[in-house]
Undergrad: 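Structure incoming, see below.
Every value quoted in this text rests on a predicted model; they were computed, and no experiment measured them. Only this structure's heavy atoms are used, side chains among them; waters, hydrogens and symmetry mates stay out.
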Amino acid sequence: MASRHYFNLLTSRQTSKFLRSNNLRKFTTNLREPSQPVGNKTPKWMSAEEAVKIVKSGDTVFVQGAAATPRILVPALAEHGKKASLKNVTVCHIHTEGAAEYNRPEYEGIFRSASFFTGANSREAINSGRGDFIPVFLSEIPLIFHKKILPVDVALVQVTPADEHGFCSLGTSVDCTRAALMHAKYIIGQVNPRLPRTFGDATVHTSHFDALVEGKAELPEHKPDVLTEVELSIGKQIAENLVEDGATMQMGIGSIPDAVLASLKGHKDLGIHSEMFSDGVVDLVNLGCINNKYKALYAGKIVGSFTIGTRKLFDFMHNNPFVVMLEVDYVNHTDNIAVNPKMTAINSCIEVDLTGQVCSDSIGTRIYSGVGGQIDFLRGAAMGKDGKGKPILAMPSLTSKGESKIVPFIKQGGGVVTSRNHIHYLVTEHGIADLFGKSIRQRAYHLIQVAHPKHREALEKAAFERLKCMPSP
């Protein structure tokens, strides 16, 4: 059995590496490898205002996201666009931090953002028609660059100071940034000693930069929210009933994943293979709950692609070989997810209908977030090689207005991110609905059991009208 397991593991590693490298060869020419020096090229040091003057009308500008958003370069870009009377500049990115000045109404016609995942600073622009949302799996965002669907003219990123060998680090945000750098015609780096130096695919040699800007600044922080009783109840149910000792875990963004982490302090030998992680992971490492002992890929190490958190998290990551930051098409590749033991994926959602269709990116027609890694990890966990994976979705049973989040029909215009074919577990503060292998009639029954009690009678009536029969276990 041991040799067979090793063969399967080796095959999975080889397959995932082949798929990634084959995709790059297929869709690229003259591809740059950021960790390899480029001859004797040296970047020019200049001010942010000078550096962004390279951007011209019609360009596509990539902006690094999450905690690594280059907050000195972004406002300089916006000011340049106004002064130079630029037109039709596309600014593409995942969720970014800070003001995102290019999204303001006064910059309409100068800039138009294209969000692969919508942050709070892009929602108003998108929902007002001044910005664009691109629905895409997190694992496939790099392909947008590799296939040259969005050719990158200028990339704005944040890096650590170079080491004695000339290597910088992308710090907290590798994700799709590395793919953008491979194709960008011109690269501007904000050099920030407050950015943690991380390893893995984060390494970039200074010879790849065209311009460098002194940019010491504190990183944008996401302080953990004070968890509500509802969120704590959901986290406790998941931790006690679905997360096993020795599990490899993925957590999405938000209070519910934070609540799960807060409830895992009695667990042992947990591992992390997740597109993102936050402060709660640090606490579990310090308690000895997370040691990555049984992981199949990068055993003994936390694997991530980007992070969101506070200085506590950033200090933990800095020069820490226990943490490996990798490209998102590798981290979120289902083969790589599935090979890890007891793969447990925990993600939040907005609304679920009585058949199990899940809306996660929008509220009706209003874009709220994005696809992210939800499907990548739900599918990867469901495909677990050991048959012990758990794809989990969780949400409070009620909206802030007291409306049921389990509904007869998804709101008109709402996006189905997780289809009813993908859903396995849905958790609310009222229990766990195990929907895998259940008929539509059974699903309706189990979903109604975890809905808020004040809405259950109405949901039963709606289910009968829709299904022409009573829901049944």
Undergrad: Between V174 and T177, does the side chain to side chain contact (heavy atoms under 4.5 Å, CB included) criterion hold? Intermediate values first, please.
TA: CA-CA 5 Å; V174 174; T177 300; 5.9 Å; no
Undergrad: Between N241, I432, I238, L378, which is the residue that forms a side chain to side chain contact (heavy atoms under 4.5 Å, CB included) with Y425?
TA: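 Between Y425 and the candidates, side chain to side chain contact (heavy atoms under 4.5 Å, CB included) is satisfied uniquely by I432.
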Undergrad: Does the side chain of M249 reach to within under 4.5 Å of the side chain of M251, using non-hydrogen atoms?
TA: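 Result yes, sub-4.5 Å side-chain heavy-atom pair found.
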Undergrad: Quick one: does Y330's side chain get under 4.5 Å of L297's, heavy atoms only?
TA: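 Yes, close enough: below the 4.5 Å cut-off.
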Undergrad: Could you verify whether a donor N or O on one side chain and an acceptor N or O on the other, from N103 and N121, lie under 3.5 Å apart?
TA: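 No, because no side-chain N or O of N103 sits under 3.5 Å from a partner of the opposite role on N121.
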Undergrad: Are K461 and E457 ion-paired here, with the side-chain N under 4.0 Å from a carboxylate O?
TA: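 Yes, K461 and E457 are salt-bridged.
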Undergrad: Donor-acceptor check, side chain of Q190 to backbone of I72, threshold 3.5 angstrom: yes or no?
TA: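 Judged by distance alone, yes, a pair lies under 3.5 Å.
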Undergrad: Is there a side chain to side chain contact (heavy atoms under 4.5 Å, CB included) between H222 and E97? Walk through the geometry before answering.
TA: CA-CA 10 Å; H222 267 245; E97 292 291 336; 2.6 Å; yes
Undergrad: Quick one: NE2 on H93 to OG on S173, what's the gap to the nearest 0.5 Å?
TA: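 One finds 12.5 Å between NE2 of H93 and OG of S173.
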Undergrad: I need the single residue from I448, I423, L467, D434 that forms a side chain to side chain contact (heavy atoms under 4.5 Å, CB included) with R443. Which is it?
TA: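 Of the listed residues I448, I423, L467, D434, the side chain to side chain contact (heavy atoms under 4.5 Å, CB included) partner of R443 is I423.
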Undergrad: Name all residues meeting the ring pair (Phe, Tyr, Trp, His ring centres under 6.0 Å) criterion together with H95; count only those two or more places apart in sequence or in a different chain, and write none if there are none.
TA: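 Checked H95 against ring pair (Phe, Tyr, Trp, His ring centres under 6.0 Å); zero matches.
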Undergrad: With a 4.0 Å cut-off, would you call K411 and E351 a salt bridge?
TA: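 So K411 pairs with E351 through a salt bridge.
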Undergrad: Do the charged groups of E218 and R311 touch, with an N to O distance under 4.0 Å?
TA: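 A salt bridge is present here (some side-chain N lies under 4.0 Å from a carboxylate O).
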Undergrad: Tell me whether the centres of the aromatic rings in F133 and F116 are closer together than 6.0 Å.
TA: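 F133 vs F116: aromatic centres not under 6.0 Å.
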Undergrad: Only pairs at least two apart or in different chains count here, so list each side-chain hydrogen bond (donor to acceptor under 3.5 Å, both in side chains) that has a residue in residues 123-134.
TA: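 As it turns out, the side-chain hydrogen bond (donor to acceptor under 3.5 Å, both in side chains) pairs with a partner in residues 123-134, which skip direct neighbours, are R112-D132, E124-S128, E124-R130.
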Undergrad: Indicate the ring-plane relationship of F111 and Y107, choosing parallel, tilted or perpendicular according to the 30° and 60° boundaries.
TA: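 The arrangement is tilted - the two ring planes meet at 30° to 60°.
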Undergrad: Run I406 and L459 through side chain to side chain contact (heavy atoms under 4.5 Å, CB included) and show every step you take.
TA: CA-CA 8 Å; I406 295 174; L459 287 170; 4.2 Å; yes
Undergrad: Quick one about N332 and E275 (side-chain donor to acceptor, distance below 3.5 Å, no hydrogens or angles considered), yes or no?
TA: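 No, N332 and E275 have no side-chain donor paired with an acceptor closer than 3.5 Å.
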Undergrad: So, are K265 and D283 salt-bridged, with charged N and O less than 4.0 Å apart?
TA: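 No, this pair does not count.
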Undergrad: Stepwise, does the side chain to side chain contact (heavy atoms under 4.5 Å, CB included) test hold for L264 with L270?
TA: CA-CA 9 Å; L264 289 172; L270 298 174; 4.1 Å; yes
Undergrad: Distance check, rounded to the nearest 0.5 Å: F436 atom CZ versus N421 atom CG?
TA: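 Between atom CZ of F436 and atom CG of N421 there are 10.5 Å.
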Undergrad: Going by side chain to side chain contact (heavy atoms under 4.5 Å, CB included), M276 matches just one of I308, V331, T307. Which one?
TA: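 With M276 as partner, side chain to side chain contact (heavy atoms under 4.5 Å, CB included) holds for just one option, I308.
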Undergrad: Do the side-chain N and O atoms of T365 and Q412 include a donor-acceptor pair separated by under 3.5 angstrom?
TA: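 Distance-only check fails for T365 and Q412.
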Undergrad: Among side-chain atoms of S139 and D376, is any donor-acceptor pair under 3.5 angstrom?
TA: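 A pair is found: one side chain offers a donor N or O, the other an acceptor, under 3.5 Å apart.
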Undergrad: Between K401 and E403 (salt bridge meaning N to carboxylate O under 4.0 Å), is one present in this structure?
TA: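 Salt bridge: no.
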Undergrad: Please determine which of K405, K454, E429 meets the side chain to side chain donor-acceptor pair (under 3.5 Å) test together with S397.
TA: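 Single side chain to side chain donor-acceptor pair (under 3.5 Å) partner of S397 among K405, K454, E429: E429.
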Undergrad: Applying side-chain contact (heavy atoms from CB on, under 4.5 Å), name anything that partners T355, two or more places apart in sequence or on another chain.
TA: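 By the side-chain contact (heavy atoms from CB on, under 4.5 Å) rule, T355 matches D353, Q357, R420, I440, R466.
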Undergrad: Would you confirm whether D279, through its side chain, and T310, through its main-chain N or O, come within 3.5 Å as a donor-acceptor pair?
TA: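 Yes, because the side chain of D279 sits within donor-acceptor range (under 3.5 Å) of the backbone of T310.
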